[in-house]
Amino acid sequence: MEKEVYILAIESSCDDTSAAVLRNEVLLSNVTASQAVHESYGGVVPELASRAHQQSIVPVVHEAIKRAGITKEQLSAVAFTRGPGLMGSLLVGVNFAKGFARSLGIPMIDVNHLQGHVMAHFIKSLPPSPSKEKPLPPPSPEGEGTPPPLPFLCLLVSGGNSQIVLVRAYNNMEVLGQTIDDAAGEAIDKCSKVMGLGYPGGPIIDRLARQGNPKAYQFAEPHIPGLDYSFSGLKTSFLYSLRKWIQDDPDFIEHHKEDIAASLEWTIVDILMKKLRLAVKQTGIKHVAVAGGVSANNGLRNAFHDHARRYGWTIYIPKFSYTTDNAAMIGVVGYYKYLDKEFCPIDAPAFSKVTFKCGTGSREKP
Ligand code: KG4
């Protein structure tokens, strides 16, 4: 095997077209084109997402290779998100990756998007070079960006998933519990839409919540056995509460949006953390990570820090830039699969729905 492995990674599962280049496990570039076209619809419109991926994929890949300072002929393999996600979006990335790899005569590596989110904790970035125009960012708060030791638990919370994953190795992950209906991010986005706020709702609710009282209002919490989650009841409870309040005061949302956002965020974080505490109790594993778009949420991050203090957990919080969809996380999985020579055939189809395979792999690192 050659000394330097260069992986081009492509992510197109939802509404971000992203490409990254890694040299071994070190990230050289990570370029993402986010699709603003969905904002006015209050949610991702699959057909528009596919079209936007078509427009962005070539320039995004070109830019990623350019920023990495390599030529495409130096690439060792092309890794791509095979699923889960929106089929039309996935097809753009999957077929581009296949064509690109074929034209260069290099292997293709299929990556599970969810596995990618978990593996975002293992992205190693080059230290930024100091420049006069761009000052270095302040150091991350404690724990951010540090890879967890194996085994660890990972709360994976995004727009499409809410799961508690037991990670034994990069290719040996077990879902201990997951949502039986909506994902946490989906619930936040829908509640934000009902309030007439923009899309995606997560960052807006997060910002408003900082100025509100989390105990101002109460919304129904689910009673689901075991480690599974449910968020559809909360969504309904939120909608009915809003309707009632608006009947009494048509401007209720405008007058109380900070308190509503803070109470909604508090309830969602409480639901997430209760099951996570149970998972820690059942497994005895106190190394606990969080991943996925919702892990950018300040309330959830604070709850992690609080649990570290109260229950002696060691927590792992990804850098903000690696919380939402990005190709860097796909590249990390791609690199480890490359080392294991786990390539995929040209006829490997995209999967819109796929969970973790309960793998049997036992690579120790990671
Ligand atoms: O991981 P991601 O980019 O895409 C999926 O794979 O689903 O996650 C997107 C989700 C959206 O629901 C978005 O509202 C949510 O992550 N999100 C947040 C925040 N930033 C993004 N939710 C709460 N607080 C945030 N700061």
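Ligands are counted one by one from 1 in listed order, and the atoms in each one are counted from 1 as well.
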Check your understanding: Hey, looking at atom 9 (C) of ligand 1, which of Ala291, Ala184, Ser295, Gly159 has the closest heavy atom?
Key -> Gly159
Review point. Do any nitrogen or oxygen atoms of Gly292 come within less than 3.5 Å of a nitrogen or oxygen of ligand 1?
Key: no
Check your understanding: Please state which protein non-hydrogen atom is closest to atom 26 (N) of ligand 1 and give its distance, to 0.1 Å?
Key -> Asp206 OD2, 2.8 Å
Review point. Can you tell me if Glu265 has a non-hydrogen atom under 4.0 Å from ligand 1?
Key: no
Revision key, fill the gap. Atom 11 (C) of ligand 1: of Asp189, Asp16, Val44, the nearest heavy atom sits on Asp189
Practice item. Would you indicate whether Gln211, at its atom CD, is surrounded by more than 12 heavy atoms from other residues, nucleotides or ligands within a distance under 6.0 Å? Key: yes
Check your understanding: Hey, is Glu186 close enough to Lys193 for a salt bridge, meaning N to O under 4.0 Å?
Key -> no
Practice item. Name the closest protein heavy atom to atom 22 (N) of ligand 1, giving the residue it belongs to and the distance to 0.1 Å. Key: Gly202 CA, 3.3 Å
Review point. Any donor-acceptor pair under 3.5 Å linking the side chain of Thr283 with the backbone of Ala279?
Key: yes
Check your understanding: Can you say whether the rings of His121 and Phe152 are parallel (under 30°), tilted (30 to 60°) or perpendicular (over 60°)?
Key -> perpendicular
Review point. Which of the numbered atoms in ligand 1 are below 4.0 angstrom from a heavy atom of Pro200?
Key: 14 (O)
Check your understanding: How far is atom 17 (N) of ligand 1 from its nearest protein heavy atom, and which residue and atom is that?
Key -> Gly293 O, 3.5 Å
Exercise for review: Anything under 30° is parallel, anything over 60° is perpendicular, the rest tilted; go ahead and classify Phe304 against Trp313.
Suggested key: perpendicular
Review point. Looking only at protein heavy atoms, which one is nearest to atom 24 (N) of ligand 1, and how far off is it?
Key: Asn297 ND2, 3.1 Å
Exercise for review: Give the atoms of ligand 1, by number and element, whose distance to some non-hydrogen atom of His117 is under 4.0 Å.
Suggested key: 1 (O), 6 (O)
Practice item. Looking only at protein heavy atoms, identify the closest one to atom 3 (O) of ligand 1 and say how far it is in Å. Key: Asp325 N, 3.1 Å
Study note, to complete from the structure: Which of Pro84, Pro349, Ser13 passes side-chain contact (heavy atoms from CB on, under 4.5 Å) with Leu90? It is Ser13
**Study point:** Interfacing atoms of ligand 1 (cut-off 4.0 Å, heavy-atom, Gly185)
**Key:** 12 (O)
Review point. So is Cys14 close enough to ligand 1, meaning a heavy atom under 4.0 angstrom away?
Key: no
Practice item. Give a yes or no on this: more than 12 heavy atoms of other residues, nucleotides or ligands lie within 6.0 Å of atom CZ of Arg277. Key: yes
Point to revise | Sub-4.0 Å atoms of ligand 1 with respect to non-hydrogen atoms of His113 | key: 6 (O)
Check your understanding: Should Met195 and Leu234 be regarded as members of a common hydrophobic cluster, given that ILVMFWY residues are connected when their side-chain heavy atoms come within less than 4.5 Å of each other, either directly or indirectly?
Key -> yes
**Study point:** Pair Asp248 + Lys244: basic N to acidic O under 4.0 Å
**Key:** no
**Study point:** Ala296 neighbourhood, listing ligand 1 atoms whose heavy-atom distance to it stays under 4.0 Å
**Key:** 20 (N), 26 (N)
Exercise for review: Report whether Ile253 and Tyr199 are members of the same hydrophobic cluster (ILVMFWY, side-chain heavy atoms less than 4.5 Å apart, transitive linking).
Suggested key: no
**Study point:** Whether Arg207 lies under 4.0 Å from ligand 1, heavy atom
**Key:** no
**Study point:** Test log, rule side chain to side chain contact (heavy atoms under 4.5 Å, CB included), inputs Phe100 and Leu8
**Key:** CA-CA 10 Å; Phe100 204 65; Leu8 168 70; 3.5 Å; yes
**Study point:** Atoms of ligand 1, numbered as shown, that sit under 4.0 Å from any heavy atom of Thr324
**Key:** 3 (O)
Check your understanding: Of all the atoms in ligand 1, which lie at a distance below 4.0 Å from a heavy atom belonging to Gly160?
Key -> 7 (O)
